[in-house]
Amino acid sequence: MENENSQTIMNYLNRLKEMVRFASGEEDYFAIEYIAECFMCELRDVLANVKQEPRKEILGRCANNMGITVRKTDGILVVTLPTILPTKAKTKAGYLFDPIFYAMQNASEKESFLLKEKAMMCIEFIYDRSNKNIPRGDHDNKEVKQVIDAISAFVVPDDSDDYLSLCQISSEGDYNHTKVYVMPEKDFGEFFLKHQNK
């Protein structure tokens with residue numbers, strides 16, 4: 001199995017080399033990003049096998065290395081992701097989902113995030129104010145679903161409309177990143193007004 005994984009990794013590396021060599025447009029770069037995500041997912045499994053450590057621990061470290069943070073402040077869960085979630089048709093679901101899920105799992109072992117009432121999840125895309133050339137996201141963002149699924153598992157019994165409302169907002173900051181806020185839905189109005197006036 002380890003040899004198979006190693007061979008898969010080498011295949012991805014070879015494909016990446018070729019794709020980078022001939023890349024010319026946005027579609028090529030999205031394809032490269034997808035192969036890079038596949039490569040990283042395979043590499044995590046190889047690391048778990050080689051180090052003989054639980055996959056959960058490897059993914060927890062990956063979350064730290066990626067800059068994913070989970071904290072609760074004034075009753076609001078805040079999950080920070082180190083990038084603007086891109087809009088692209090093809091994504092490797094495990095690339096983001098697994099590290100976020102295990103970051104949530106590790107944090108929830110120290111503190112429960114489960115809400116007993118309907119929750120609001122607000123996803124904020126924060127764009128680098130010094131770079132006006134960054135393409136803005138849209139509501140077809142495929143990677144948002146991975147984030148919702150990974151986080152909602154720890155805050156609501158189900159991610160249906162009965163338990164969870166969703167919104168997306170954008171703002172400008174010092175660097176590109178995404179923040180996800182989860183709170184009781186009834187508290188969202190006050191949160192939003194304060195947040196907009198910061």
Side-chain angles (χ1 to χ4, degrees), residues 12-13 15-41 43-44 59-74 76-104 107 120-152 165-183 188-198:
Y12 280 133
L13 276 176
R15 282 176 69 189
L16 278 169
K17 281 183 198 172
E18 286 300 302
M19 291 170 82
V20 168
R21 217 169 114 200
F22 297 107
S24 60
E26 189 175 79
E27 287 305 310
D28 289 339
Y29 292 116
F30 282 148
I32 289 168
E33 192 172 359
Y34 173 71
I35 295 300
E37 289 176 359
C38 293
F39 168 77
M40 281 307 302
C41 290
L43 186 58
R44 292 167 186 164
L59 287 165
R61 285 207 290 280
C62 287
N64 288 338
N65 291 337
M66 290 170 79
I68 295 169
T69 62
V70 178
R71 62 186 168 81
K72 195 171 181 181
T73 305
D74 298 327
I76 298 172
L77 173 65
V78 183
V79 180
T80 303
L81 310 173
T83 185
I84 300 288
L85 299 176
T87 299
K88 55 186 180 180
K90 199 170 184 184
T91 66
K92 180 70 174 172
Y95 176 72
L96 267 181
F97 176 87
D98 287 349
I100 296 170
F101 181 87
Y102 284 104
M104 287 294 302
M120 170 63 83
M121 182 182 291
C122 176
I123 300 172
E124 180 180 27
F125 303 107
I126 304 167
Y127 294 90
D128 182 347
R129 68 170 60 88
S130 66
N131 186 350
K132 299 300 180 188
N133 297 319
I134 300 163
R136 296 290 172 133
D138 62 37
H139 296 290
D140 294 330
N141 188 316
K142 308 295 188 299
E143 300 210 359
V144 166
K145 178 168 172 29
Q146 298 174 37
V147 172
I148 294 167
D149 289 347
I151 296 172
S152 65
S165 293
L166 300 166
C167 77
Q168 294 182 34
I169 60 176
S170 61
S171 62
E172 293 188 342
D174 295 333
Y175 65 102
N176 292 323
H177 59 295
T178 302
K179 285 196 171 188
V180 183
Y181 308 93
V182 185
M183 67 205 77
F188 179 67
E190 183 182 355
F191 163 83
F192 186 72
L193 288 173
K194 283 183 182 173
H195 195 68
Q196 292 299 97
N197 294 323
K198 278 198 305 186

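For the single chain, residues carry numbers from 1 onward in sequence order.
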**Q** Looking at CD1 of Ile123 and CD of Gln168, how far apart are the two atoms once the value is rounded to the nearest 0.5 Å?
**A** 5.5 Å

**Q** Taking C-beta and beyond as the side chain, do Thr80 and His177 meet within less than 4.5 Å on heavy atoms?
**A** yes

**Q** Atom CG in Leu59, atom CG in Asn65: separation rounded to 0.5 Å?
**A** 11.5 Å

**Q** Name all residues meeting the side-chain hydrogen bond (donor to acceptor under 3.5 Å, both in side chains) criterion together with Tyr181; count only those two or more places apart in sequence or in a different chain, and write none if there are none.
**A** Glu124

**Q** Under the criterion side chain to side chain contact (heavy atoms under 4.5 Å, CB included), I'd like the reasoning laid out for Lys72 against Val78: C-alpha separation, chi angles, the key distance, then a yes or no.
**A** CA-CA 6 Å; Lys72 195 171 181 181; Val78 183; over 6 Å; no

**Q** Starting at CG of Leu77, measure out to CD1 of Ile151 and round the result to the nearest 0.5 Å.
**A** 6.5 Å

**Q** Under the criterion side chain to side chain contact (heavy atoms under 4.5 Å, CB included), which of Met104, Met66, Arg61 is the partner of Pro99?
**A** Met66

**Q** What distance separates Arg44 CZ from Cys62 SG, expressed to the nearest 0.5 Å?
**A** 5.0 Å

**Q** Are the side chains of Pro82 and Ile68 in contact, using a 4.5 Å heavy-atom criterion?
**A** yes

**Q** Please identify each residue that fulfils side chain to side chain contact (heavy atoms under 4.5 Å, CB included) with Thr83, with sequence neighbours left out.
**A** none

**Q** To the nearest 0.5 Å, what is the distance between SG (Cys38) and NZ (Lys92)?
**A** 5.0 Å

**Q** I'd like to check the salt bridge (charged side-chain N to carboxylate O under 4.0 Å, His left out) partners of Lys17; sequence neighbours left out, ordered by chain and number.
**A** none

**Q** Tell me, do Val147 and Ile100 make a side-chain contact under 4.5 Å, heavy atoms counted?
**A** yes

**Q** Does Tyr95 have more than 12 heavy atoms from other residues, nucleotides or ligands lying within 6.0 Å of its OH?
**A** no

**Q** Under the side-chain hydrogen bond (donor to acceptor under 3.5 Å, both in side chains) test, which residues partner Gln196, sequence neighbours left out?
**A** none

**Q** Does Asn64 have any side-chain hydrogen bond (donor to acceptor under 3.5 Å, both in side chains) partners at least two apart in sequence or in another chain, and if so, which?
**A** none

**Q** Taking the inter-plane angle between the rings of Phe192 and Phe188 on a 0 to 90° scale, is it parallel (under 30°), tilted (30 to 60°) or perpendicular (over 60°)?
**A** tilted

**Q** For the residue pair His195 and Ile169, establish whether any side-chain heavy-atom pair is separated by less than 4.5 Å.
**A** yes

**Q** Given side chains that start at C-beta, do those of Met121 and Ile148 come closer than 4.5 Å, heavy atoms only?
**A** yes

**Q** Using side-chain hydrogen bond (donor to acceptor under 3.5 Å, both in side chains) as the criterion, list what pairs up with Arg129, not counting sequence neighbours.
**A** Asp174

**Q** Judged by atom type as modelled, is there a donor-acceptor pair below 3.5 Å linking the side chain of Asn176 to the main-chain atoms of Ile84?
**A** no

**Q** How are the rings of Phe125 and Tyr127 set to each other: parallel, tilted or perpendicular (split at 30° and 60°)?
**A** tilted

**Q** For a quick test of reading the model, state the closest non-hydrogen atom pair linking Leu96 to Gln146 and the distance between them.
**A** CB-OE1, 3.4 Å

**Q** Distance check, rounded to the nearest 0.5 Å: Met183 atom CE versus Thr73 atom OG1?
**A** 11.5 Å

**Q** Taking side chain as C-beta onward, heavy atoms only, is Val20 less than 4.5 Å from Ile32?
**A** yes

